[in-house]
**Q** 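Sharing a structure, written as structure tokens. Questions coming.
This chain uses plain numbering: 1 for the first residue, then up along the sequence. Bear in mind that the values here come from a model prediction, so they are computed numbers and not experimental data.
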Amino acid sequence: MAIPPRPHPLSRSPLVDRLNGWLEGAWNKGLSQRPSLDPDALWAKALKSAPAAGEVSCRGEADAEDFRLRLEILTESLVAQAALNPLGRTIAHGLLVRAIRQRLHLGALWSDKPELAETPIAAPIIVVGQMRSGTTRLHRLLAADPAHSATRFCDSWHPQPRSPDTRPLWSGLSLLVARQLDPWLDSIHPFGVTRADEELGWLACALDHCAYEAQWRIPAFTAFSESREPAPVYREFARILRTDAAFHANADRPRVLKVPQFAEDLPILLAQFPDARVVLTSRDSVDIASSAASLVANQMAIQSDSADMDWIAAECQRKIALREQRMKAAMTDFDGSLAVVDFTALDRDWQAEMARAYRLLGLPFTSGALAAMQAEQARAEKSPHHDHAHMHRAPARAVTKT
């Protein structure tokens, strides 16, 4: 399906407005209830289909309390600051219930099979960089190497293993709905239900702020999270990773990990994986800021009628500065294997740049790795994601409904 022109970063599909009208009308007429953002109500709904005993499990009380507190602050910020429209409120309710439900099911799984959360894994390869700095491209090139493993998109957003594994089906249905709501979705990020993708869903499952601040205006929750020790989030992340590796029987291959949030939390992440190799991406900050603001605007416009492009641009600039500062501080004391990959150099001659990165990481750049990367590069060149390069330079004033 061809991607329509995106005349403004805050443009949205007319379907969004129709759904907003339908939802508000249904609530006003008593045909359905307005979704609650009260933490107790969210827990109660999740508990209808998930075991309460899964809250603690192998996590311990401190990690369970961290999740409860994050949920409380997040919902307060949503109600007070996000200015959600009816569709946005419905989406927020659904995402938070799902996060609680996933957490309970994972806890129950680990109570039954604690060894899954402790699966020994090969030293991972961590791709670190600003959002829109080429991390996805680099991640997928590294993940294409048969010697490595990667996280499937469907497993990121549905972290509980299941048999038969219906996660690709559910993720496919979710993407189908998302593409109807957002006709520019595939220009923002190249999706595929079983493609290698970032572990954003695992952080969202632990109520880290990164997935939520990219779609809602929640500065109070963002400030709370930025100042809070994220160790409980990354302990959960590590448990999910080890469980995923056990399920897919690839624990012996280095997992290529990538979420832009890593730039903000690198010391804690490296504490979980002290033997990790690190690949840093580098790109001009002006290009990063413009592209990041375009991504956030695309998501925020769907869920709020008050999305402010000036605020979004300023917030993206602030996040870039914060992540750059924290990333540099973390790398000052890092003495492990490190490669810095330049966005422009990767564009100019990706094979040479990947070969150089492999040398710096002490990894063999085999003919099999090169062939797999060539196939991935050929696939990427056909992606609608390339359209985003000009879309994020659209005029930043009047909002257009498309």
**Q** Would Arg152 and Asp244 pass as an ion pair if we require N to O under 4.0 Å?
**A** no
**Q** So Val296 and Met300, do their side chains get closer than 4.5 Å, heavy atoms only?
**A**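 Sidechains of Val296 and Met300: in contact.
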**Q** Would you say Gln303 and Thr90 make side-chain contact, with heavy atoms under 4.5 Å?
**A** no
**Q** Does atom CD of Gln351 have more than 12 heavy-atom neighbours from other groups under 6.0 Å away?
**A**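 Yes, CD of Gln351 has more than 12 neighbouring heavy atoms, counting only those of other groups under 6.0 Å.
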**Q** Evaluate whether atom CD of Glu229 has more than 12 neighbouring non-hydrogen atoms of other residues, nucleotides or ligands under 6.0 angstrom away.
**A** yes
**Q** With sequence neighbours left out, what residues match Asp305 under salt bridge (Lys or Arg N to Asp or Glu O under 4.0 Å)?
**A**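 Testing Asp305 for salt bridge (Lys or Arg N to Asp or Glu O under 4.0 Å), a comparison that skips the adjacent residues, returns Arg12.
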**Q** Considering residues at least two apart in sequence or located in another chain, which fulfil the salt bridge (Lys or Arg N to Asp or Glu O under 4.0 Å) criterion with Arg359?
**A**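 Salt bridge (Lys or Arg N to Asp or Glu O under 4.0 Å) list for Arg359, sorted by chain: empty.
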**Q** Examine Arg68 relative to Trp43 and say whether NZ or CZ is less than 6.0 Å from the centre of the six-membered ring and inside a 45° cone about the ring axis.
**A**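 So Arg68 does make the cation-pi contact.
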**Q** Indicate yes or no: does Asp66 engage Arg235 in a salt bridge with an N to O separation below 4.0 Å.
**A** no
**Q** Let me know which of Arg326, Arg323, Arg318 forms a salt bridge (Lys or Arg N to Asp or Glu O under 4.0 Å) with Glu226.
**A** Arg318
**Q** Find out whether the Lys NZ or Arg CZ of Arg167 is both under 6.0 angstrom from the six-membered ring centre of Phe247 and within 45° of the ring's axis.
**A**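 Yes, cation above the ring, under 6.0 Å and within 45°.
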**Q** Under a 4.0 Å threshold between the charged nitrogen and the carboxylate oxygen, would Glu315 count as salt-bridged to Arg217?
**A** no
